[in-house]
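Residue numbering restarts at 1 for every chain, and letters A, B, ... go by the order of the sequence lines.
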Amino acid sequence: MAESVDSSNTTPPPESKPAATEHKSWADEAEEEVPEETNDAPSSSSVSSLNVDALAIDENKKTATKFLDEPEDSNIQAVTSGDTPYTSASTFEDLNLSPELLKGLYVEMKFQKPSKIQAISLPMILSPPHRDLIAQAHNGSGKTTCFVLGMLSRVDPNLKAPQALCICPTRELAIQNTEVLRKMGKYSGIISECAVPADSRDSIPIAKRAPIMAQVVIGTPGTIKKWITYKKLSAVRLNILVFDEADQMLAEDGFKDDSLRIMKDIERVNANCQVLLFSATFNEIVKNFVSRTVKKDHNQLFVKKEELSLEAVKQYRVNCLDELSKVEVIKDYIFEIGENVGQTIIFVRTRHSASMLHQSLAELGYEVTSIQGALQHDERDKIVKEFRDGLTQVLISTDVLARGFDQQQVNLVINYDLPVKHIVGYAREQEPDYEVYLHRVGRAGRFGRKGAVFNLICGERDANLMAKIEQHFGTHVTEVRAKSVEDYKGALREAGLLQ
DNA sequence: AAAAAAT
C-alpha cells in the first residue's frame, strides 16, 4: 500500500530500464567488511564495470541512476544531480586515497574492499564538485566508514584548523564515531576532538578554553553549538559537515533547532561546506524536509522501507499475559539460553522502567547493567565500556542506544516495550515508532551477522502495534510460544544462533 | 517519552 508513496518520492519512474532485480540478502554482501566471514564472490565480480545510467530526468535536472553491479543487487536507488558521472568503487584504491588512509583501512580496520554503500557513496562524496549527499543504507552496512573516510579525505593534514565536523544525537555515538575515526586515521596524523560534555570534575570553563585546533570535530549538538557561539570552533575552513542519524537530527524536536542553527552558522561564514546526511531511516515526510535543508544540487541514495529489515536478523514475538510475565520470560528463557548466543540488549521505553527492570533482575540474582540519559556522564561511559569489553552480558537501555551503537557481539535484542510515537493531543490509537523499531533491531546483525529480536507483547495494544510494524515493513514476525525452553531454543536455532 | 544540553 505505502509502496507507491515510497517509490514516487525516492526515484522518478524509470524510462527504459527493466525493473530492478529482486532484493537479495543485504547481509551477504555486507559481510565483505568482516574478513573472517568473507565468503563472497571474488572481488573481480564486475563491480568496476558498472557505470551510471541516466534513467529519467525531472525538472531539477536530477538524474535517476541505477547501479548495476553484483548479482545480489541491494537496490540502493541513486539520484544524482547535474551530469557528473560517478563510478562505483570496487576497491579502496579506486578512491585516490592517501597511502596513510589506505593503510588505516587495511591494517587497522582490516577491511578488504568497500561495502555496497561505501562503493556507491564514496565516489559521490570525494569527487569534485563535492555535492551534498543524503544517504540511506541498512543498519550495520558500513555507513560510518563512508562519512569517516569522507572527513579524513577532505582534511589537509598541514592545516591546523577544523576542516570536518560531525554531529551525532548521543554522547555514546559521538564517542564511538571518534574512536572509529582515530583508528582509521591512525597513520594520517590527523587530529580529532570529541565534542561532548566533560565530566563535571574536569570540565574547563568554555571562556578559558583555547580555540579548537583539531582538524576533525565529532560531537553532540549542545557542545558544538556552544563552541561555535563562544568562537572556540571556527567554521571558516570547514570542508565537510556530517549529520549522523540525520533524520533524527534534522527533523525531531529537541534536535532540529540546534542542528539547523549550526548549519546556518556555518553557511554564514562558509559557502563551500559539503553537507552529508546519513541514516538507515528517512521516512517520506522527513526525506522531503531534509532535502530542503541541503543545497539544491545534492545527490541522494535511498532504500525502500520494505527492504530495510535485515534478513539475517530473525524477528519474533512472545505473547505475555501481563507486564509481570515479561520479567518471567526474560529470566526463564532469555537468561537461561540467551547467554550462550552472545550479548543482549533489552530496550525499554522509559528511564524509569530501565531502572525498575534492572532492579527486579538484580534482586533475582541476575547480572545486568542499565543505561539511560539521566545517569552521570562518567557512569554512562563506564557502563558502555564494560559492555564493550564483554564484562557484562546483558544491558538494559532506553532508546539512548537505539541508534548507531555498534557492538558486534550483540546477537539478541529484546523489545521489552515496543517503541511508540509520542502523539500530541488525544489520539485514539497509538502509532508505533517504525524508525526506532528498525534501529533497535539493527543493534543485532552487525555487518551481516546472524541475530534475533524478541518482541514482548502484552495485550491488544501491543498486538496492534506489532501488526502495524509487520505491515509497514512487509515482514512477518513469528510467534514463539512462551511455554518451554525448547520453544526458545528452536527460535534461536532457526535464527542461526544455536546448533 | 526519549534522546542533547543548558541553565
Can you tell me the distance, in whole Å, between the [atom1] atom of [X] and the [atom2] atom of [N]?
| X | N | atom1 | atom2 | value |
| --- | --- | --- | --- | --- |
| Gln376(A) | dA4(B) | CD | P | 14 Å |
| Leu401(A) | dA1(B) | CG | C1' | 16 Å |
| Ile175(A) | dA4(B) | CD1 | C1' | 13 Å |
| Asp258(A) | dA6(B) | CG | P | 10 Å |
| Ile206(A) | dA6(B) | CD1 | C1' | 12 Å |
| Ile262(A) | dA6(B) | CD1 | P | 12 Å |

Using a cut-off of strictly less than 4.0 Å, decide whether Thr223(A) has a side-chain nitrogen or oxygen near OP1 or OP2 of dA4(B). no

* Checking side-chain contact (heavy atoms from CB on, under 4.5 Å) against Val410(A), which of Leu395(A), Ile345(A), Leu401(A) comes through? ->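 The single option meeting the side-chain contact (heavy atoms from CB on, under 4.5 Å) with Val410(A) is Ile345(A).
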
Given Tyr434(A), which of His439(A), Lys305(A), Lys468(A) fulfils the side-chain contact (heavy atoms from CB on, under 4.5 Å) condition?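 For Tyr434(A), the side-chain contact (heavy atoms from CB on, under 4.5 Å) test succeeds with only one of His439(A), Lys305(A), Lys468(A), which is Lys468(A).
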
Counting heavy atoms from C-beta on, name the nucleotide in [options] closest to the side chain of [X].
| X | options | answer |
| --- | --- | --- |
| Val400(A) | dA1(B), dA6(B), dA3(B) | dA3(B) |
| Arg380(A) | dA1(B), dA3(B), dA6(B) | dA3(B) |
| Phe255(A) | dA4(B), dA2(B), dA1(B) | dA4(B) |

Does [X] reach a base, just sugar-phosphate, or nothing at all? Heavy atoms under 4.0 Å.
| X | answer |
| --- | --- |
| Glu252(A) | base |
| Val420(A) | base |
| Lys226(A) | sugar-phosphate |
| Gly373(A) | sugar-phosphate |
| Asp417(A) | nothing |

Would Phe454(A) and Tyr488(A) count as a close aromatic pair, with their ring centres under 6.0 Å? yes

Run Gln300(A) and His298(A) through side chain to side chain donor-acceptor pair (under 3.5 Å) and show every step you take. CA-CA 7 Å; Gln300(A) 308 179 350; His298(A) 65 277; 2.9 Å; yes

field: Short side-chain to backbone donor-acceptor contact, Asn139(A) and Leu438(A), under 3.5 Å
entry: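 It does hold such a pair.
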
Using side-chain heavy atoms (C-beta onward) and a distance below 4.5 Å, is Ser370(A) in contact with Leu357(A)?
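No, too far: nothing below the 4.5 Å cut-off.
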
Within residues 350-357 of chain A, the residues having a heavy atom closer than 4.0 Å to DNA chain B are Thr350(A), Arg351(A)

Residue pairs meeting side-chain hydrogen bond (donor to acceptor under 3.5 Å, both in side chains), one or both in residues 389-398 of chain A, sequence neighbours left out, come to Lys385(A)-Asp389(A)

